[in-house]
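To start, the structure under review is shown below, and the notes come after it.
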Amino acid sequence: MENQKTDKLEKLIEKIKKVTEQINKENAAIIQAKQKLKTLQAQKKKLQKQIQNEEYAQLRDVLADYGIRSIEDFERFIDKTENPQAQ
């Protein structure tokens with residue numbers, strides 16, 4: 001009778017060890033996934049900034065084609081387009 005109780009306890013202890021190992025493995029996978037996510041988010045932010053810079057560069061090029069290189073140039077351009085007879 002005592003041996004049966006001991007055997008049951010040992011089996012339960014083994015099950016607990018296996019479950020604990022599985023939890024530790026899953027936890028490690030979660031930590032690794034979080035690190036990967038953090039890296040990917042940083043890359044996304046960097047790429048978004050690059051896209052934004054490219055868009056600004058394209059806009060500057062288009063504006064430069066119209067002779068607009070400053071805010072004052074832009075204001076003069078707007079004045080000319082809003083009131084073409086005033087030239």
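Remember, it's a predicted structure, so these values are computed and weren't measured experimentally.
- Put simply, the side chain of Leu47 reaches to within 4.5 Å of the side chain of Gln50, judged on heavy atoms.
- Atom CG of Leu63 and atom OH of Tyr56 lie 12.5 Å apart (nearest 0.5 Å).
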Listing, residues 8-30 side-chain donor-acceptor contacts under 3.5 Å, not counting sequence neighbours, or none:
residue : atom : partner : partner atom : Å
Thr20   : OG1  : Ile16   : O            : 2.7
Gln22   : NE2  : Glu26   : OE2          : 3.0
Asn24   : ND2  : Thr20   : O            : 3.4

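- Rounded to the nearest 0.5 angstrom, Thr39 OG1 and Gln41 CD are separated by 9.5 Å.
- Annotation: the span from Arg60 atom CZ to Asp65 atom CG amounts to 13.0 Å, rounded to 0.5 Å.
- Judged by distance alone, with hydrogens and angles left aside, the side-chain atoms of Asp73 form a donor-acceptor pair with the main-chain N or O of Arg69 at under 3.5 Å.
- Note that NZ of Lys45 and CD of Gln48 are 9.0 Å apart. Values are rounded to the nearest 0.5 Å.
- Using a 4.5 Å cut-off on side-chain heavy atoms (C-beta onward), Lys49 and Gln52 make contact.
- Put simply, CZ on Phe74 and CD1 on Ile68 are 6.0 Å apart, with the number rounded to the nearest 0.5 Å.
- If you take CD on Glu82 and CZ on Phe77, they are separated by 10.5 Å, rounding to the nearest 0.5 Å.
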